[in-house]
Amino acid sequence: MGQKIRRFSLSIAIAMLLSLCLIPPAKAATSTWQIDPAHTAAQFAVKHLMTSTVRGQFKGVTGTVVWDDQDVTRSSVNVTIDATTIDTGTAPRDADLRSANYFDVAKYPTLTFKSTKIEQAGSGKLKVTGDLTIHGVTKSVVLEVDGPSAVIKDPWGNARSAIAATTKVNRQDFGVSGGAGAVGDDISITIDMEMIKQK
């Protein structure tokens, strides 16, 4: 009798093990989103002569966001900005900003940001820490992020979402030292970014 019970128990154990093996794996929680350069810009603001505020933007923003729905800390952001696209609305000033006096785009054609840590910072808000490289110098910065927004479908069936991020840096920390006395050191940065989910 005891032997029959042992055989019956062993049969149940084998059946349970086989059933577990046959359960399909859970779908991955991560998705990859491509930045849409046509609907993304990195804006900046800086004081001129410590009085007025000069604003400008970079339009050549590309990169990817890997998003984990179940664990935001496993998400990542990788962004590249074309430094040659700088635009303040004044051609002579833009030429000066592209020169070795400031961004030196011939030598440093891109600005980059690569996240090192992403945290939830409240409902609909994130805190993204990462390495920002400007003028060949890399410093850790923190972005305060609103989003991502609710996903919508565009007329072509693409899933889209957006974020808005802000931070402030000191240009001297990155070796962008032109215009001493005329241009402020603190630069406020705002990034409005639209993303398309990769199929």
Side-chain angles (χ1 to χ4, degrees), residues 32-66 75-119 121 126-148 161-196:
T32 300
W33 298 74
Q34 201 75 27
I35 295 172
D36 181 0
H39 300 98
T40 300
Q43 297 104 15
F44 61 88
V46 61
K47 287 290 186 182
H48 177 248
L49 296 175
M50 302 308 293
T51 54
S52 63
T53 299
V54 174
R55 303 181 189 278
Q57 66 175 347
F58 296 92
K59 283 294 290 180
V61 184
T62 58
T64 56
V65 175
V66 176
S75 302
S76 63
V77 180
N78 199 331
V79 179
T80 298
I81 300 172
D82 183 353
T84 67
T85 65
I86 193 168
D87 179 12
T88 64
T90 303
R93 180 168 58 207
D94 293 344
D96 192 26
L97 289 171
R98 293 187 188 102
S99 75
N101 292 331
Y102 292 94
F103 288 99
D104 196 1
V105 300
K107 189 173 182 179
Y108 307 106
T110 61
L111 295 72
T112 62
F113 176 82
K114 186 174 183 180
S115 66
T116 55
K117 184 179 182 181
I118 298 180
E119 308 167 85
L126 300 170
K127 182 179 178 181
V128 180
T129 304
D131 293 329
L132 176 63
T133 301
I134 301 175
H135 200 251
V137 178
T138 301
K139 298 286 183 180
S140 180
V141 302
V142 177
L143 301 179
E144 304 294 337
V145 178
D146 287 326
S161 183
I163 64 169
T166 60
T167 192
K168 184 177 287 187
V169 300
N170 187 311
R171 67 189 182 95
Q172 299 289 348
D173 292 343
F174 296 90
V176 182
S177 55
V183 179
D185 290 336
D186 291 331
I187 313 294
S188 296
I189 300 172
T190 300
I191 302 172
D192 290 305
M193 188 166 75
E194 189 169 309
M195 308 168 291
I196 303 173

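Excluded from the calculations below are hydrogen atoms, water molecules and symmetry mates; all remaining heavy atoms, backbone and side chain alike, are included.
Contact detail for Val145 and Ala165: the closest heavy-atom pair is CG2-CB, 3.8 Å. Considering every non-hydrogen atom in both Ile35 and Val79, the closest pair reads CD1-CG2, 3.8 Å. Taking both residues in full, the closest heavy atoms of Pro109 and Asp82 are given as O-OD1, 3.7 Å, listed atom of the first, atom of the second, then distance. Shown here for Arg98 and Ile86, the closest heavy-atom pair between the two residues is NH2-O, 3.0 Å. In terms of heavy atoms, Val46 sits closest to Asp186 at CG2-O, 3.9 Å. Across every non-hydrogen atom of Leu111 and Ala83, the tightest pair is CD1-CB, 3.4 Å.
For Phe58 and Phe103, the ring centers are positioned less than 6.0 Å apart.
Looking at Asp192, its side chain never comes within 3.5 Å of a backbone N or O of Ala164 through a donor-acceptor pair. Judged purely by atom type and a 3.5 angstrom limit, Thr85 uses its side chain to pair as donor or acceptor with the backbone of Gly60. A distance-only check finds a donor-acceptor pair linking the side chain of Tyr102 to the backbone of Gly179 [under 3.5 Å].
No side-chain heavy atom of Ser76 sits less than 4.5 Å from a side-chain heavy atom of Thr64. Counting heavy atoms from C-beta on, the side chains of Ser188 and Thr190 never come closer than 4.5 Å. Between Arg171 and Asp185 the shortest side-chain heavy-atom distance falls below 4.5 Å.
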Would Glu144 and Val142 satisfy side chain to side chain contact (heavy atoms under 4.5 Å, CB included), going step by step from the backbone distance to the final call? CA-CA 7 Å; Glu144 304 294 337; Val142 177; 3.9 Å; yes
Determine, step by step, whether Asp173 and Val137 satisfy the side chain to side chain contact (heavy atoms under 4.5 Å, CB included) criterion, reporting the C-alpha distance in whole Å, the side-chain angles of both residues, the deciding distance to 0.1 Å, and the verdict. CA-CA 8 Å; Asp173 292 343; Val137 178; over 6 Å; no
So Ile191 and Phe113, side chain to side chain contact (heavy atoms under 4.5 Å, CB included) or not? Walk me through it. CA-CA 12 Å; Ile191 302 172; Phe113 176 82; over 6 Å; no
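Atom-to-atom distance recorded for Met195:CE and Thr32:OG1 is 11.5 Å, nearest 0.5 angstrom. Atom OG1 of residue Thr40 and atom CD of residue Gln34 lie 10.5 Å apart, to the nearest 0.5 angstrom. Atom CG in Leu97 sits 12.5 Å away from atom OG1 in Thr84 (nearest 0.5 Å). In this structure, the separation between NZ on Lys127 and OG1 on Thr129 is 6.0 Å, given to the nearest 0.5 Å. With values rounded to the nearest 0.5 angstrom, Thr138 atom OG1 is found 8.0 Å from Phe174 atom CZ. With values rounded to the nearest 0.5 angstrom, Ile187 atom CD1 is found 9.5 Å from Gln172 atom CD.
When the side chain to side chain donor-acceptor pair (under 3.5 Å) test is applied to Lys47, the partners found at least two apart in sequence or on another chain are Thr53. Under the side chain to side chain donor-acceptor pair (under 3.5 Å) criterion, Asn170 pairs with no residue at all, not counting sequence neighbours.
Surrounding NZ of Lys59 are more than 12 heavy atoms belonging to other residues, nucleotides or ligands, all under 6.0 Å away.
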